[in-house]
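Encoded as structure tokens, the structure appears first; notes follow it.
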Amino acid sequence: MLKSHSCGELNKEHLGQTVALAGWVDRRRDHGGLIFIDLRDREGIVQVAFNPEVSKSCHRVANRLRSEYVVRVKGEVVKRPSGTENPRLPTGEVEVTAHEVEILNPSRTPPFYINEEIEVEENLRLRYRYLDLRRAGMRENIMLRHRVVKFIRDFLDAEGFIEIETPILIKSTPEGARDYLVPSRVQPGKFYALPQSPQQLKQLLMVAGMEKYYQIARCFRDEDTRADRQPEFTQLDLEMSFVEDEDILKLMERLFTALVTTIKPDAKIATPFPRFSYDDVMNRFGSDKPDLRFGLEIKDLSDIAAQSAFDIFTAAIAEEGKVKGVLVPGCASYSRKQLDDLNQLARSHGAGGLITIALGGAESGSLEKLTADMVHSVAAKFLTLEQVKAMAERLEASLGDLLLIIAGTARTVNEALGALRQEVGQRLKLADPNTLAFAYVKNFPLLRKNEETGRWEPEHHPFTRPWDEDEPLLEKTPEKMRGKHYDMVCNGFEIGGGSLRIHTAKLQRRVFRLLGYTDPQIDDRFGHMLEAFEYGAPPHGGIALGIDRLVMLLAGRETIREVIAFPKNQSAVDLTFNAPASVTEEQLAELHILLREEE
RNA sequence: GGCCCCGUGGUGUAGCGGUCUAACAUGCCACCCUGUCACGGUGGAGAUCGCGGGUUCAAAUCCCGCCGGGGUCGCCA
């Protein structure tokens with residue numbers, strides 16, 4: 001090794017020792033006579049002093065040092081002269097007096113700051129990701145990710161799980177997301193698909209008798225990106241035999257509680273994780289992945305609205321819809337523009353419009369002081385003061401608050417108000433950034449009707465086991481079937497989902513038939529699963545957790561790109577490598593591929 | 001594909017019809033400086049204001065189109 005110690009580990013205990021260090025020049029301070037550099041490596045920073053009275057040649061070399069030069073220094077760890085200690089550096093009580101120095105490699109001036117946490121345009125960071133990763137924030141994120149994954153592996157190992165790798169080149173299936181395809185050279189005209197998740201493979205491992213499997217698995221989905229989604233991502237994929245759903249939920253709860261208390265001891269985390277039904281979260285939070293760090297629950301105002309003379313309300317109720325609302329505390333004096341923004345958000349989530357009711361202006365106080373001329377709303381003249389007060393009371397509002405009300409079908413109203421609730425929570429900074437509010441959402445419907453195609457589609461995936469008592473409904477009223485499916489949510493993100501699985505060929509075939517497949521199609525696409533289920537498949541279930549999202553939350557970041565070493569951008573391009581890229585005609589020919597002309 | 005936001009020296013920002021021959025900070029280069037640590041000081045180089053078109057006597061600034069980036073809806077079993 002070119003180094004005997006890490007820069008960041010030196011302290012008083014090393015006083016008097018001669019050490020060899022190697023790292024990058026974080027900063028240089030040239031006093032003419034005396035030169036200091038902050039030498040940085042993965043573990044931290046230590047000050048190196050170049051004194052011409054100690055070594056003239058070292059001092060001459062130090063004159064040439066610039067940011068990001070790679071250097072090796074040999075010298076003595078000495079106590080800093082009293083009064084010159086730097087309490088902001090962990091190594092700040094000591095410094096290294098250079099006796100020998102060697103420039104291992106110079107560096108061009110970097111295109112952005114390595115030594116400061118100033119925000120830089122993301123595409124520039126991604127183009128020079130290897131420099132971006134040198135920055136303290138990114139280095140901490142990547143190291144945090146390592147600790148998280150290591151903790152998970154150790155924990156599951158102790159729980160009797162075995163890690164098994166599954167193929168990356170598998171088979172395209174018709175369900176789910178768009179597949180990434182890989183052409184076969186050996187089998188002309190045929191394609192592998194990259195796994196969207198190892199779902200079927202892990203179920204086959206259960207049939208194989210592995211009983212407790214997990215994998216830190218890379219998954220691929222060719223869909224549009226988001227802040228929390230990119231084409232390839234990492235899941236903790238896990239499956240167990242002979243379990244009930246609570247066995248899995250409790251295991252995950254223990255894992256996450258231990259993980260957070262070990263790796264992020266300052267974070268607040270509530271246990272046991274609350275369990276909500278799907279209907280419950282949709283009605284109360286308007287989302288199947290609610291942020292539970294703040295209240296502002298959605299309330300049903302239909303009974304009050306039905307009494308009003310407001311057409312928009314009464315018409316919605318007449319059509320078996322709902323009128324519901326959400327509170328915006330202290331925002332009665334919102335401007336026209338601010339209200340328009342909220343209206344637009346509601347419309348973008350399918351609402352016909354948004355009714356706002358401002359209770360007074362900047363003043364605050366109890367509702368009792370509310371008078372008719374203090375109510376500001378397009379609906380004001382259609383509502384009695386009593387009706388406004390009744391709605392305000394239900395939403396637990398006081399003077400100076402703003403009410404957001406939407407009328408329409410139950411689903412649209414919930415989803416639009418859910419989006420507004422999330423937006424308001426963010427604007428008013430209601431969510432404590434130091435809290436991790438985990439929860440489970442259960443009792444999802446098994447199926448959902450695709451309004452465009454008229455076909456039944458799985459809410460989760462076609463292997464989810466229905467509730468036993470709902471099985472007879474399969475061919476009669478599929479919409480009423482509930483699935484043994486559960487999601488894990490945290491702070492407004494879905495960080496995982498799983499289910500108990502169907503383990504008999506008979507039931508599995510019935511589900512596929514309901515999804516619109518003919519028997520020959522089922523045998524062609526899923527025959528391997530059905531056949532496996534006929535050879536003693538144990539009851540089993542599992543879960544998959546998004547590692548990127550989890551680490552993002554633990555790191556307090558806004559996008560998963562901040563916790564992925566080499567992520568893709570919104571256009572699914574890797575800017576470090578410029579992938580995807582064209583290939584040669586020879587490569588295409590070998591793969592039996594002819595590119596289409598497109599206009 | 002729709003909607004919203006952004007694009008000004010290397011980096012981060014300001015400027016939002018004329019005083020812009022584009023400002024500030026930092027970085028970079030040169031010189032000075034022996035206890036600094038975001039060292040300090042003096043001087044210097046560095047930008048056809050993303051691209052194209054239009055409006056105007058006059059455009060970084062207003063309008064249109066395109067490109068690039070981000071967020072989001074659709075999509076994501």
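Labels below follow one simple rule: chain letters A, B, ... track the order of the sequence lines, proteins then strands, and each chain is numbered from 1.
- Here the side chain of A:Phe36 is nearest to one of B:C76, B:G35, B:G27, namely B:G35.
- For A:Ala177, counting side-chain heavy atoms from C-beta on, the closest listed nucleotide (B:U36, B:G74, B:C76) is B:C76.
- With B:G10, B:C37, B:C75 as the candidates, the nucleotide lying closest to the side chain of A:Arg229 is B:C75.
- Contact check on A:Arg448 versus A:Glu457 returns no salt bridge, with no Lys/Arg side-chain nitrogen under 4.0 Å from an Asp/Glu carboxylate oxygen.
- Side-chain atoms of A:His349 lie closest to B:C73 of the nucleotides B:C73, B:G74, B:G27.
- Judged by the 6.0 Å and 45° rule, A:Arg421 forms a cation-pi pair with A:Phe294.
- Outside the 6.0 Å centre-distance limit, the rings of A:His503 and A:Phe533 are not counted as a close aromatic pair.
- A:Arg29 has a side-chain polar atom (N or O) that falls below the 4.0 Å cut-off from OP1 or OP2 of B:C39.
- Atom CD in A:Glu68 sits roughly 14 Å away from atom C1' in B:G10 (whole-Å rounding).
- Under the 3.5 Å distance criterion, the side-chain polar atoms of A:Ser6 are left unmatched by any main-chain donor or acceptor of A:Glu9.
- Distances were taken from every side-chain heavy atom of A:Asp224 (C-beta onward) to each of B:U11, B:G74, B:U26; the shortest belongs to B:G74.
- Set against B:G10, B:C39, B:C37, the side chain of A:Arg80 has B:C37 as its closest nucleotide.
- Taking atom P in both B:U48 and B:U61, one finds a spacing of 15 Å when rounded to whole Å.
- Counting only heavy atoms from C-beta on, A:Glu122 has its side chain closest to B:G70 among B:C29, B:A38, B:G70.
- The side chain of A:Arg27 sits closest to B:A38 out of B:A38, B:C28, B:C37.
- As rounded to the nearest Å, B:G10 and B:G46 have P atoms that lie 11 Å from one another.
- Put simply, A:Ser571 has a side-chain N or O that comes within less than 4.0 Å of OP1 or OP2 on B:G69.
- Side-chain to base pairing of A:Arg108 with B:G10: no donor and acceptor N or O lie closer than 3.5 Å to each other.
- No donor-acceptor distance shorter than 3.5 angstrom exists from the side chain of A:Glu531 to the backbone of A:Asp523, with no hydrogens or angles considered.
- A donor N or O paired with an acceptor N or O is not found under 3.5 Å between the base of B:G68 and the side-chain atoms of A:Asn123.
- Among the nucleotides B:G74, B:C28, B:C76, the one closest to any side-chain atom of A:Glu223 is B:C76.
- What separates CD of A:Glu121 from C1' of B:G10 is a distance of 13 Å, to the nearest Å.
- As the counterpart of B:A58, no nucleotide is assigned, since no Watson-Crick or G-U wobble pattern has both distances under 3.5 Å.
- Listed nucleotides: B:A30, B:G69, B:C33. Nearest to the side chain of A:Asp30: B:C33.
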